[in-house]
Amino acid sequence: MARPPGTDVRWPSPPSHHHLEVAVVPVDPPPDNGAAPAPDAGDDASKLAEIIEGRRAKIDQLRDAGVEPYPVRFRPSHTVPEVRAAYPDVAAGTETGDHVTIAGRLVAKREMGKLRFLVLREDGQDIQLFCPLAALDDDSRALMDLLDTGDWIGATGEVMASKKGELSVKPATLTLLAKGLRPLPDKWHGLSDTEARFRQRELDLVVNDDARRVFEVRSRVLSALRAEMEERGFVEVETPMLHPIPGGATARPFVTHHNTLDVDLYLRIAPELYLKRLIAGGMRRVFEINRNFRNEGMSTRHNPEFTMLESYAAYDDYHDVMELTEGLIERAARDAVGTTDVTYQGRPLSLAGPYRRATLLELTAEATRRPDLRYDLDVADLRALCDTHEVHWEHAWGGGKLIVELYEKLVEGDLWEPTFVIDHPVETSPLARAHRSDPHVTERFEVIVAGRELGNAFSELIDPSVQRERFEAQARARAAGDAEAMVVDEAYLRAMELGMPPTGGLGIGVDRLVMFLADVSNIRDVILFPTLRPEQT
RNA sequence: GCGCCGCUAGCUCAAUUGGCAGAGCAUCCGGCUCUUAACCGGCAGGUUCUAGGUUCAAGUCCUAGGCGGCGCACCA
């Protein structure tokens, strides 16, 4: 929460991280043991307050008995998954003679008089603690009665299997590692309230196996992308998140302010311009995986901060980048889920290349049944075509923009299998170079998967004079009221004037790639702490 | 930004045309040495998201607001 001094994110307004917690139900402080004051035990919920108070009382009892409820260190000999893996089949009712020390969160207790069964969870895997009270030392037996689900505990004992064949550890000692104050969600139904899952991701991770699975997939995707890039000779770099002027994409930025410099800065909407300056400087192949921020609408596919992979490779054109894109997506799929043949939202999806390649113009011509479709058709004709298909248009738009709008409305959503939609018009592609054989379009592609844009790439524009003209056209659009249009970036132009080799550039939406591989439909399910309105009380 | 839907105990959910707010799990108390959604008995737990309104009576109907989900718009 604490921001570095001197920064102050002004948009959106800084959330109040320390709204007053008014204790409606008074909670007696623990008697004089120096314990921290109650965080917020006394919400309006009396039952919750009662539970928390009961657990505080247990902490007092523990301290009175000389047990530290929040000790400093613990050394397990094995993780729970390691124990499970090491003893795949212990015959029912047998003891192995092997002793282990394990740790985890207590997630269930089943008490049968003098025999107790505890369930310990670590790294998403459970193991049973088989606890005849007689097998425990005195301290552990006393501790047993003060344990609650949610507590972190350690256990040392023999690996065995119960009469029903459940792999178990029979502890001789139990150690409290951290006392939990709050109850766990329902052990059977778990936590299904979506808002609670997003706001309290830690709870989601404790009780929902699927949440853990999704973020494991995400982690493997990130590793796979890095491995593939490195194997292809790319160097990972980090470029600024604070930009003096927003650039590299058409999007509305977040504004912030630096106090010492007394200048407004923008959270980056794309790293593109900085990465290309590195290419101009002679770094032959670079990539960055990091956050971008766009101050625009939120939806199941858009979070205000999202993760992009961007890469630039000297000497390459967009055909090379298509090959790279296929390699990255295939690698991510294989490493993250073991196959390129996945199921997304109940429908099969093959991520194995090579992907279909089709021009934006031919796809749109087909969808509109206008084989004569061209970018230089009379604008009135194209506007009429938009009207026919109920596509909104504006007078400022030229033929390129009109055809792109038709494409997005009529074509994009229906492209299920991965498709390279290539050769976008110059009008909507200010940073891409003109096509080598068609002046109306650029050497650009978008890779579409399951009807959604997953990546965007082009043969980069490297001619500084043309780039200046494109910037100036954008600046005119901006002056005319287009808040997303680009501004002239002189520092970037200066780098291009130094000389930039032919370059192939790529951007892939990592969150969306994870969505396909984890088979989830809401981007918030692949972002640990998605942007939400601040909680109010 | 617009539309639709949702919000009831710590969690998951009920509550008939507007008629005494309930259950399961969890908690608390008692019992139980092979349970695994353990079981059995008992106690307790509520600002029904908020503020107004209609009504003899509102969880339920009306108005405004809050938060979330989904769809549309915008974008990656």
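Here the structure is a predicted model, which is why all the values come from computation and not from measurement. Naming: A, B, ... by sequence-line order, numbering from 1 per chain.
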Classify [X] by what it touches in the nucleic acid, base, sugar-phosphate, or nothing, heavy-atom distance under 4.0 Å.
X: Lys58(A); result: sugar-phosphate
X: Leu184(A); result: nothing
X: Asn292(A); result: nothing
X: Asn456(A); result: nothing
X: Ser162(A); result: base
X: Glu296(A); result: sugar-phosphate
X: Gly507(A); result: nothing
X: Glu111(A); result: base
X: Arg199(A); result: sugar-phosphate
X: Asp193(A); result: sugar-phosphate
X: Ser299(A); result: base
X: Gln128(A); result: base

Any side-chain heavy-atom pair from Asp525(A) and Phe198(A) closer than 4.5 angstrom? yes

Taking side chain as C-beta onward, heavy atoms only, is Tyr344(A) less than 4.5 Å from Met515(A)?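 Answer yes - side chains close enough.
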
Contact under 4.0 Å: Thr300(A) side-chain N or O vs G71(B) OP1/OP2: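 For Thr300(A), the contact criterion (side-chain N or O under 4.0 Å from OP1 or OP2 of G71(B)) is met.
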
Any side-chain N or O of Arg533(A) less than 4.0 Å from the OP1 or OP2 oxygen of G68(B)?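 So the side-chain polar atoms of Arg533(A) do come within 4.0 Å of the phosphate oxygens OP1 or OP2 of G68(B), strictly under.
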
Return the nucleotide paired to [N]: Watson-Crick means purine N1 to pyrimidine N3 with N6-O4 or O6-N4, wobble means G-U with N1-O2 and O6-N3, both under 3.5 Å.
N: A9(B); answer: none
N: U50(B); answer: A64(B)
N: A57(B); answer: none
N: U16(B); answer: none

For the aromatic rings, using the six-membered ring if either is Trp, is the centroid distance between His243(A) and Tyr274(A) under 6.0 Å?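 Yes, close enough.
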
Could you pick out which residue, Asn303(A) or Phe198(A), lies toward the 5' side of RNA chain B when each is mapped onto its nearest nucleotide? Phe198(A)

Mark yes or no for a side-chain to base donor-acceptor pair under 3.5 Å between Asp186(A) and G24(B), with no hydrogen or angle criteria applied. yes

Where the side chain of Lys114(A) is defined as all heavy atoms beyond and including C-beta, which of U27(B), U33(B), C13(B) is the nearest nucleotide? U33(B)

If the test is side-chain contact (heavy atoms from CB on, under 4.5 Å), which one of Val526(A), Leu513(A), Thr307(A) qualifies with Val221(A)? Leu513(A)

Any donor-acceptor N or O pair under 3.5 Å, side chains Gln345(A), Asp519(A):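 Checked: Gln345(A)/Asp519(A) side chains pair up, N/O donor to acceptor below 3.5 Å.
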
Charged N to carboxylate O under 4.0 angstrom, Arg268(A) versus Glu288(A)?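 Glu288(A) and Arg268(A): salt-bridged.
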
